[in-house]
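Written out below as structure tokens is the structure these notes cover.
We name chains A, B, ... by the order of the sequence lines, and we start the count at 1 in each one.
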Number of protein chains: 2
Amino acid sequence: MSKCKYAIGVDFGTESGRAVMVETKTGEETVTAIYPYKHAVIDKTLPVDGEPVKLEPEWALQDPEDYIRTFQKTVPDVLAQAGIHPEDVIGIGIDFTACTMLPVKSDGTSLCTLTEYSRNPHAWVKLWKHHAAQPEASKINAAARQRGEKWIDRYGGKISSEWFFAKTLQILEESPEIYTAADRLIEAADWVVWQLTGVEKRNSCTAGYKAMWSKRDGFPKNDFFRSLDPRLEKVIDEKMTRTICPLGEKAGELTAQAAEWTGLREGTAVAVANVDAHVSVPAATVTEPGRMVMIMGTSICHMLLGDEERAVEGMCGVVEDGIVPGLFGYEAGQSGVGDIFAWFVNNCIPAEYKNEAIDSGMGVHQLLEHKAALKKPGQHGLLALDWWNGNRSVLVDVDLSGLLIGATLATKPEDIYRALIEATAYGTRVIIEAFEKNGVRVDELVACGGLPEQNKMLMQIYADVTGRNFKISLSEQTPALGSAMFGAVAAGRKAGGHDTIVDAARHMARLKAEIYQPIPENQEIYDRLYAEYEQLHDYFGRGGNNVMKTLKQIRDAAG
Amino acid sequence: MSKCKYAIGVDFGTESGRAVMVETKTGEETVTAIYPYKHAVIDKTLPVDGEPVKLEPEWALQDPEDYIRTFQKTVPDVLAQAGIHPEDVIGIGIDFTACTMLPVKSDGTSLCTLTEYSRNPHAWVKLWKHHAAQPEASKINAAARQRGEKWIDRYGGKISSEWFFAKTLQILEESPEIYTAADRLIEAADWVVWQLTGVEKRNSCTAGYKAMWSKRDGFPKNDFFRSLDPRLEKVIDEKMTRTICPLGEKAGELTAQAAEWTGLREGTAVAVANVDAHVSVPAATVTEPGRMVMIMGTSICHMLLGDEERAVEGMCGVVEDGIVPGLFGYEAGQSGVGDIFAWFVNNCIPAEYKNEAIDSGMGVHQLLEHKAALKKPGQHGLLALDWWNGNRSVLVDVDLSGLLIGATLATKPEDIYRALIEATAYGTRVIIEAFEKNGVRVDELVACGGLPEQNKMLMQIYADVTGRNFKISLSEQTPALGSAMFGAVAAGRKAGGHDTIVDAARHMARLKAEIYQPIPENQEIYDRLYAEYEQLHDYFGRGGNNVMKTLKQIRDAAG
């Protein structure tokens, strides 16, 4: 087969969906199309006619029709742009935010599209950042602790309000009629694959990271669910399935209807669904232990592969087959990174800096980086704890808050900016050390996401602080590339794709040429500063001084 | 005597001198005149012809001719403006920055005005903020500790590099020829009185607060001075005097020459010299124990009277007759207040706020106050340690630095601004509690200086945090008013003045009508926040965690 073959990856984000057409031999990303969702994040009122249906605080919903429209708009668009014959597109893969889940009928019809349910918020898609199920998450955590459930260890001892059963329990408690009407409760990732293939297949990534499933032990036992609510006892057998497909499998083939939506050939291979962060790992060339992928944006998601299952303090989860089949996928995270820098730029940059940035044609971030880079490590005299958005690393405590120490009358904005960047690097080092302390190796770092592209100083600081080489994924749309790679694997080598994701990564995933290497004299200074960071981290984060919590209590009582 | 009589107060500041004409019965300030010094602060090169004479870092000198010109320019000006006959001006008083000192010949001629010495920096006036004598101050402190000198307890255990003998020892060590040529070493405050009266009289305020003198024990013993340097052994008897005049005395009368400079009558009463902060106390109506005067500007000077001598942690000094004759005057301080707010406004205010301030015709400080006042105490969730300029209160440690804790992505600039104001109020409360713990009562607060005028929120916060009524001196030039009051006392009641400073205060000093009273529900919240402040204060300030010092060491090593 000498002719070029292609796979399409479709990445479902929070505000929009995007499709990328990728050449399966080289990984070249030929064309891209984006569809901004019509209803994006629904967090005020439902998009229904008649009397408005208002949502409570912390709610975040989506319209599943937006996902279908994403297929209808973006796939024909990339086909047309690239001028490629549908028969040369051998496979399609998708990745999604998670846990983003919805209640549907047995034929896949989403409840919110049925007139009798459309005015009930619980009939809609609960987006990953729907945070209204905290009471249910707390209930699940308390029950797991009380019953000594072993599976909770795989999740750093605590599950999040964003996860599948917290959302499920919220539906049951607040709207039992929706719970009853739902024949199936399903991740949106799996639901869109169902829409493409006509078959319900559930992926090991969301099952493992968001629904407490493991390859060896399955889901939590029925009596655990009964202990939460008797009506929940048989949720797995009644509304889900115990059959979970490992990543890299083919979920099915495009139906006639989906072929019509997309302009692709009926029967095109469709990969098992995946999650945006996890699908990025092979797309960042990583299919083996020892190389940590960091998806860097408003927050950082840390993804790492290992040969064994280990308990690591504060990690989000460890799932066998959760990232690459045959290995244990570890996920950890920092809850505030790019959004801390954005906060700083929006709230703390004087007018003169803004004008200087405009006059010099730089962005404000660039100007700050330029100014900050004029000083040596440690020269600003500052240290920060990067907890502006709480701590989602080893401490797992949303009530922690940001700290800046060392300010003098000579402190400049670029000094604080740099201290904030350094603090996030120390935060990553804490995660790396937690992994290594528990026998999970971290030899080098690979970045993807929006942040690394623009900020060389940040990359060098991370290399210096962690003492590890830091590389960058070549693709600027790593998740979509990863989805296309899984599409190529679903099609298989004979069809012009690949037999395994390891093969796909070897051919289709690439890194940028530049490597950020630790500079020994910087490392020496950052080692000293990190020791101070650790001391403050433990003092304020492990109960030495609970002032951060007290301040939030006083704040909440005053407000 | 029914006709109005007047006294003139002359306040010698850092950049300028000002004269105020005050009616002795009512304290009415009729007219004011300001002379900006020709040479102001000399910190780069000496104002001499020929090859430039450059100064080292940390040097700060003045030209004594600027002081004479202040008399020549401002006193005739106020006389002319007010249209008052010189015979109706019954007395004149002065106050000065301190320790500001100079070497002179036995007739009062300053060495820097003599051609043979004018190119030697040590021949000039060393201004209070000349900070180049730190090695000498350290030497004095070490010797005092080693010898167990009791007088050091009156100064919180440590003298400052700004003080008289640190500067004297620097002259001796670096320029023995100037030391030898100086017949007298004298506070500029006393020197200008000498210029007015022709007699050298030294005041108890500068002697006590800046030259380790006390009414009961006199100066440190000769053998202490010998231990510093054998040539210094007889400094008191050779170049100073053991006769110290209490405040409130008449130093002498205007000479014919001084009458010619000023346009006043020869023989007009001249008061013993005073210091700007100290002279403000009676001008703020305070002549009795229990009411603390706070001179609030870039920093805060806390002045308090007591019946007994007590040792108080970190105080700058306690001096009998040092503020009001017959009482012990206590001085304490916070090294960063208004300058922290200025730092914040200069470095951390976004362009939109600046534009909003311009559009609404407010100052930025006013706008921030307006926004900050919309929230209740504690509602911003922040806490700060006000150590941007080190700590000069109970901890006396310049290597401490600023801290902000509790920041989130929702934190706004006005929240930080308010937290900084609150932190300085907590700093004042620490000082109040140190006084009260040692038996020196603080029942209410009286503010003067630039800060209280413009910032109602700040005043209310100080009242709430300290739990004390907070009043404001009516005069906007409290030091000059205080000097005029002492001028009226030097003249005496029979001449139309007053017999004592207590009488003068009763007639001439007034407060504004508004009183800031603690609001109980605010106090309750601030008590909780203050407990958190105290814990952080002690943890970072008393050795629990020396991160602030480590950061400065790393900074200095990097720089």
To the nearest 0.5 angstrom, please state how far the CD atom of B/E162 sits from the OG1 atom of B/T97.
-> 9.5 Å
Heavy-atom proximity to chain B below 4.5 Å, by part of A/E521 = neither
Options B/L403, B/L536, B/T408, ranked by heavy-atom pairs under 4.5 Å with chain A, top entry = B/T408
Contact part of A/D556 toward chain B, heavy-atom cut-off under 4.5 Å: side chain, backbone, both or neither?
-> neither
Check: B/N455 and B/I421 side chains under 4.5 Å, non-hydrogen atoms = yes
Looking at B/K552, B/K375, B/E532, B/K376, which has the largest count of heavy-atom pairs under 4.5 Å with chain A?
-> B/E532
Cation-pi between B/K412 and B/Y353: NZ/CZ under 6.0 Å from ring centre and within 45° of the ring axis?
-> no
Ranked by heavy-atom pairs below 4.5 Å to chain A, first place among B/I554, B/N347, B/V345 goes to B/N347
If you count heavy-atom pairs under 4.5 Å with chain A, which of B/S401, B/A384, B/G390, B/A407 comes out on top?
-> B/A407
Run the side-chain contact (heavy atoms from CB on, under 4.5 Å) check on B/H365 and B/Y417 step by step: do they pass?
-> CA-CA 9 Å; B/H365 283 282; B/Y417 182 72; 2.8 Å; yes
Which one, A/E352, A/Q535, A/H380, A/Q553, leads in non-hydrogen pairs under 4.5 Å with chain B?
-> A/Q535
Please round to the nearest 0.5 Å and tell me the distance separating atom CD of B/Q366 and atom NZ of B/K456.
-> 11.0 Å
Measuring from A/I340:CD1 to A/T298:OG1, what's the distance to the nearest 0.5 Å?
-> 10.5 Å
Go through the atoms of B/Y539 and report whether side chain, backbone, both or neither lie under 4.5 Å from a heavy atom of chain A.
-> side chain
If you count heavy-atom pairs under 4.5 Å with chain B, which of A/G559, A/A557, A/G406, A/A531 comes out on top?
-> A/G406
Carboxylate-amine/guanidinium contact B/E356 B/K371, below 4.0 Å | yes
Find the one option among B/L409, B/I349, B/L404 whose heavy-atom pairs under 4.5 Å with chain A are most numerous.
-> B/L409
Choice from A/N346, A/T411, A/N389 maximising heavy atom contacts with chain B below 4.5 Å | A/T411
Heavy-atom closest pair (B/F344 atom, B/P413 atom, distance to 0.1 Å) is CZ-O, 3.3 Å
Does any heavy atom of chain B fall under 4.5 Å from the side chain of A/F540, the backbone, both, or neither of them?
-> side chain
Non-hydrogen atoms of chain B under 4.5 Å away: do they reach the side chain of A/W388, the backbone, both or neither?
-> both
Interchain contact, A/L382 with chain B, by part (heavy-atom threshold 4.5 Å) | backbone
In terms of heavy-atom proximity below 4.5 Å to chain B, should A/L383 be classed as side chain, backbone, both, or neither?
-> both
Can you tell me how far CG of A/L458 sits from CZ of A/F341, rounded to the nearest 0.5 angstrom?
-> 5.5 Å
Okay, B/N546 and chain A: the region with an atom under 4.5 Å from a heavy atom over there is neither
Do you see a donor-acceptor pair shorter than 3.5 Å between the side chains of B/D527 and B/Q523?
-> no
